[in-house]
Structures are given as C-alpha cells and as structure tokens.
Amino acid sequence: MARWTAAEIPDLSGRNAVVTGASEGVGLHTALELARRGARVVLGSRDRGKGEAAAARIRAETGGESAEWLPLDLGDLASVGRFAEGVSAADDGLDLLVNNGGVMALPRQLTADGFERQFGVNHLGHFALTGLLLPELLSRPGARVVTVTSGLHRSGRMDFDDLMGERRYGRFRAYTQSKLANVLFALELHRRVTAAGATLVSAVAHPGVARTGLARNGSRLRGLLVALVKLPAQSAAMGALPSLYAATAPGVAGGEAFGPDGFAERRGHPTRIRPAAQAYDRVAARRLWEMSEELTGVRFSAFDRGEVRP
Ligand SMILES: NC(=O)c1ccc[n+]([C@@H]2O[C@H](COP(=O)([O-])OP(=O)(O)OC[C@H]3O[C@@H](n4cnc5c(N)ncnc54)[C@H](OP(=O)(O)O)[C@@H]3O)[C@@H](O)[C@H]2O)c1
C-alpha cells in the first residue's frame, strides 16, 4: 500500500455509508471522500448547524445528493436508537459504518444515561449503534465496520472495577481507556462475526496526530503538552486516510488495524499496524462486551438468531 491516497478509493456507487462525528475533523474528510467516490453518506453528530453545513459542503463538492445529516448524540441511548431507526428506515442495507465520533480529555461529566462521558460517547454509544445497525450491515455481503481509535490506546488500561471513574478519575486516563475499549470492541466483533459465519469485516483505524478541534477540552497545561506532543501534526484529510483505507481498500480482512506509516504512527500514509498487546486480551474483550450489553441494553442478537447470510 505504498503511499496510498484517497484517489485510490474504488467506485462506491450504490453503497450506503454512515460516518459518526462527520461534521468536522477526521470524520468530515472521511465522509467527503466516500461521497466523492459515489457512496450515499449519512452523517451523525449533535450540532445541527455544523452537521447540516458539513452535509451541504459535501453535496456541493461532490455535485450530488450524496450526503445527509441526521441528529445523533452518542451520549444518549435514546438518540442512538432514533438515529439507527432513521438509517434503517431507508430499508436499503448498510455497506459501511465508520465509528468515528468522539470526545477527548473532558473533566468528569455524565451522559444522559449516567455513564462517564468519554467511555459513554467513544465506546458505549458506538457499541449500541453497531448493534442496532447490525441487521442492516448483515443484509449487505462484505459490509464493513471501521472503529476509530487513537495511538493513545497503547497507554489504556481497562479498570473494570471502576469503569466510570467514580472512585478515581483522570481525563486522559478515561480517554485512553475509551480508546482501548474501541479496539477491544472491534476485535471482539470480528471474532463474533467469524463464529457466526458472516462476511462482515470489523477493522480498526487511527488517524495519527491530526490538526482538529479534538483537544479543545484539555486544561491549559494539558493543552500545552498536547500541543507539544502534536508537533508535527498532519491535516485532518491525511488523518482520514487510515479510516478510508480500512473502509474501502480491497483485501482488508476483519481484525486488521491501520494507522499512519510515519514515525511513531503520528503522520503519513496508511499502513497495517499492530495494536497494543492489551487490545488482544480476549478475556477483557468478552468482559467489556458483556458489560456493554448490560449497560446499553443492546444485544447483537442477529448473530444468535442465525440471521446471517454468508
Ligand atoms: N485528531 C487527532 O489527532 C486524533 C488522534 C487520535 C484519535 N482521534 C480520533 O479520531 C476521531 C475523530 O476525532 P477528530 O480529531 O476529528 O475530532 P473533532 O474534530 O473534535 O470532531 C469530533 C466529531 O465528533 C462529534 N461528536 C462529539 N461528541 C459527540 C456525541 N456525543 N455524539 C455524536 N457525535 C459527537 C462532533 O460533532 P458534535 O460536537 O456536533 O456532536 C464532531 O463531528 C475520534 O474518535 C478521536 O478519538 C483523533
């Protein structure tokens, strides 16, 4: 995949895609390039003004009715349910789900459902959304789910006894835990897909370090540290390439992970990467899955009901 660029994305005419957090940053560029190659893209995020402007920009740049925004708050399971219903209402199947939306380094806050916000938005919201859209994904052979993590998942530890940081909270600690949860989820989804005999591909991507608004929530000192760590960062468009590769390149297999090919995976063109050892902890992955089912009330029951078309 030498210096792979968005120009190599295959024709996506007739494909349906959902990108969460597509109103700005990495998600916007992911949705834009998918639409440019002919996919119909639904953008999900909270802020209506930003979301509709992003969809309008994509339509203007791609010259079609290729993009639509629907409200989605990953920190509100009722909103996740309404969004999934809106996507499913087209009854057209779903070829691609990019679990991209996210928040970073927030002071401790709770979601509408009472979950710590970074874990709730970055992991639990996407767990629920994927489960609710599973029938749509399984109706399209070879559909893909790309879950966006961070290189910082390598510092992540799952604290199952205090998942919500009630006893001890650190904003970076909660972020890295949520990003490790993204990888544990994606790899466990791959194992469950394989066991069910489905062709769904679950892959992982991270954008390296990209200039976006993500670090807006850090404290001033942390902001300075983040800025230093971020030098040199790449554009959001470059940061979208690993997601786009995982989502569209021929030959991507379930369980694979992609990130930039430069020093410390911070910038560059997409390449296959190996996530941290703790992301391959199957016991932790199963525990996270079961707790996520419990917390969200979403079960991936299509796997159990045999509604899987090979
Ligand atoms: N930028 C980097 O260097 C970097 C590095 C590693 C990993 N990442 C990962 O890349 C992904 C995208 O990050 P980014 O840098 O592009 O961030 P960004 O520019 O801040 O964009 C975040 C997107 O997520 C949406 N969002 C935030 N909270 C949401 C919620 N509760 N429900 C639904 N959507 C929500 C935002 O829209 P609304 O505010 O309107 O909801 C926005 O569209 C994240 O998963 C992040 O962890 C980024």
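Indexing begins at 1, ligand by ligand and atom by atom, following the structure's order. Heads up: numbering here begins at 1 and tracks the sequence.
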Does S150 approach ligand 1 within less than 4.0 angstrom via side chain, backbone, both or neither, non-hydrogen atoms only?
->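 Both backbone and side chain.
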Answer side chain, backbone, both or neither: which part of D73 comes under 4.0 Å from ligand 1, heavy atoms only.
->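 For D73, the contact with ligand 1 is made by both the backbone and the side chain.
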Consider every N or O of [X] and every N or O of ligand 1, then say whether any pair is closer than 3.5 Å.
X	result
R117	no
V26	yes
G21	yes
K179	yes
L74	yes

With a 4.0 Å cut-off on heavy atoms, is [X] in contact with ligand 1?
X	value
G239	no
G125	no
H206	no
M104	no
T20	no
T111	no

Close side-chain approach of P260 to Q234, heavy-atom, < 4.5 Å |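 A side-chain contact exists here, since the closest heavy-atom pair is under 4.5 Å.
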Is any side-chain heavy atom of H206 less than 4.5 Å from a side-chain heavy atom of E265?
->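 A side-chain contact under 4.5 Å exists here.
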For [X], I'd like to know if atom [atom1] has over 12 heavy atoms of other residues, nucleotides or ligands within 6.0 Å.
X	atom1	answer
R299	CZ	yes
F160	CZ	yes
R282	CZ	no

For residues F300 and F127, establish whether the separation of their ring centroids is below 6.0 Å.
->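 Yes: the rings meet the under 6.0 Å criterion.
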CG (L180) and CG (N122) are apart, to the nearest 0.5 Å, by 12.5 Å
